[in-house]
*Asks:* 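Let me begin by handing over the structure; questions about it come next.
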2 protein chains.
Amino acid sequence: MPRIAKAQAEQAIDERKDQIKKAALKIFAEKGLAGTKMSMIAEAAGISQGLSYRYFESKDEIFGLLVEEAIEESRQAIQHIGRLPGSPLEQLRAFTLHLLDEDHKQFFLLVQQALTSEGVPHKAREAIERYSPQDTIEQMIPIFVRGQQEGQFAEGDPYKRLILFLSVVNGLMLQDAKATGMDWTQEVDRLLNILTK
Amino acid sequence: MPRIAKAQAEQAIDERKDQIKKAALKIFAEKGLAGTKMSMIAEAAGISQGLSYRYFESKDEIFGLLVEEAIEESRQAIQHIGRLPGSPLEQLRAFTLHLLDEDHKQFFLLVQQALTSEGVPHKAREAIERYSPQDTIEQMIPIFVRGQQEGQFAEGDPYKRLILFLSVVNGLMLQDAKATGMDWTQEVDRLLNILTK
DNA sequence: GTCTATAGCAGGATAGAC
DNA sequence: GTCTATCCTGCTATAGAC
């Protein structure tokens, strides 16, 4: 096979893989590992039941890959905060909006599912354990402390304040899965009161 | 069988049923319907795999019964708020502490699982749909409005304020399943800032 | 490259021994 | 009344036709 044609073929394969992963992400995020049947993924992707196995070894492999991608996405988002323009408050505001964004939310829910599922593939389990919420908070602490020095944020233990705040945001995302049609982005400033007041 | 002996036998059966349900609640709340295997329930209850079926028809029946009990418990808690002593703020504080209480939390998580699971038994699905978060909020609105009149709570649409607050509390409970060993009851006053500020 | 048909297995539910 | 051994369904994963 000529080089060009080969590259095209590989690209087609990657596109198919992405199509399946995208469908799988939506369903895994909603129903968890055990609650998701391969037939559901196939239907959502608009392909036949067996075809996924031409592109992936197993259901576990798809789940594991998605978890790793979710964690990588999360890691990059948090590292990005410090470089955002604006005051510490504006930085955390932008970060929070990013967390509540639709695309990120699915990744987030997936990780939650992985945390509460039985029989999670070994690789996925490892990836999650490497990336604890502690890491996120540690990245946020310098920003928060700067905000305290500038008088924007409340006094007190930054770690405790931030873990409360992140838990609340996490909670909203989980809640939102089946939620009330409320646009949380409108409420971000009220949430930030937890830090500023 | 004499009346007394018969009553004793029935009591023994009820105790066994409670034992199984208690074990099941813990696991269902954590892993959902599909993620929970009957063998897990049996192990947690300290009995053999097949014995549960002498006391319950099916896995679905156990799940359904627990969901109904959870909703009943929730309904009673919310109706109880208005009769609590103290100011509106103190009433909502007590209610929030009750929600965050360990026993209530498992019921709450179970309902969340039911909301996000496939193939939930018909009866459980119905019970949940009868009991929407709206009901809870409607019960809370008069209390909140009284607090507004007394100047304790922030101005603004009571419904929106309360749904944000409940979502946050819900979120904390969900989060807490795998959480950080934090005692949320310590943070209730900070959460109530969402309403009072 | 995709579909349909099916093998193999895990787990829900049952039967029968004790 | 409880356990162990099995049946049977439904799902994962594979094989083979097109």
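Residue numbers begin at 1 in each chain, while the letters A, B, ... track the order of the sequences.
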*Asks:* Of Asp60(B) and Arg54(B), whose closest DNA chain C nucleotide lies nearer the 5' terminus?
*Replies:* Asp60(B)
*Asks:* What's the CZ-C1' distance between Phe63(B) and dG12(C), to the nearest Å?
*Replies:* 16 Å
*Asks:* I need the CE-P distance between Met38(B) and dA5(D), as an integer number of Å.
*Replies:* 19 Å
*Asks:* Between the side chains of Thr136(A) and Tyr131(A), is a donor N or O closer than 3.5 angstrom to an acceptor N or O?
*Replies:* yes
*Asks:* Just call it for Tyr55(A): base, sugar-phosphate, or nothing, with non-hydrogen atoms closer than 4.0 Å on any strand.
*Replies:* sugar-phosphate
*Asks:* Give one of base, sugar-phosphate or nothing for Thr36(B), where a contact means two heavy atoms less than 4.0 Å apart.
*Replies:* sugar-phosphate
*Asks:* Hey, is the main chain of Glu68(B) close enough, under 3.5 Å, to the side chain of Lys123(B) for a donor-acceptor pair?
*Replies:* no
*Asks:* dA13(D) C1' sits how many Å from Glu61(A) CD, rounded?
*Replies:* 13 Å
*Asks:* Taking Glu187(A) for the side chain and Leu164(B) for the main chain, is one N or O donor matched with an acceptor at less than 3.5 Å?
*Replies:* no
*Asks:* Ignoring backbone atoms, test whether Lys59(B) places a side-chain nitrogen or oxygen under 4.0 Å from the OP1 or OP2 oxygen of dG12(C).
*Replies:* yes
*Asks:* Taking only N and O in the side chain of Tyr53(A), is any of them less than 4.0 Å away from OP1 or OP2 of dA13(D)?
*Replies:* yes
*Asks:* Mind checking if Arg16(A) touches a base, just sugar-phosphate, or nothing, with heavy atoms under 4.0 Å?
*Replies:* sugar-phosphate
*Asks:* How long is the line joining CD1 of Ile41(B) and C1' of dG11(C), in whole Å?
*Replies:* 12 Å
*Asks:* Compute whether any side-chain donor of one residue and acceptor of the other, for Glu72(A) and Gln76(A), lie under 3.5 angstrom apart.
*Replies:* yes
*Asks:* Using atom CD of Glu15(B) as one end and atom C1' of dT2(D) as the other, report the distance to the nearest whole Å.
*Replies:* 17 Å
*Asks:* Between dG12(C) atom P and Leu51(B) atom CG, what is the distance in whole Å?
*Replies:* 16 Å
*Asks:* Could you check Gly50(A) against Lys37(B) and say which one's nearest nucleotide on DNA chain C is further toward the 5' end?
*Replies:* Gly50(A)
*Asks:* With no hydrogens and no angle check, is any side-chain donor or acceptor of Gln113(A) less than 3.5 Å from a backbone partner on Ala29(A)?
*Replies:* yes
*Asks:* On DNA chain D, does the nearest nucleotide to Leu33(A) precede the nearest nucleotide to Gly46(B) from the 5' side, or the other way round? Give the residue.
*Replies:* Gly46(B)
*Asks:* Grab the CD-P distance between Gln49(A) and dT12(D) for me, whole Å please.
*Replies:* 7 Å
*Asks:* Expressed in angstrom and rounded to an integer, what is the separation of Met40(A) atom CE from dC11(D) atom C1'?
*Replies:* 11 Å
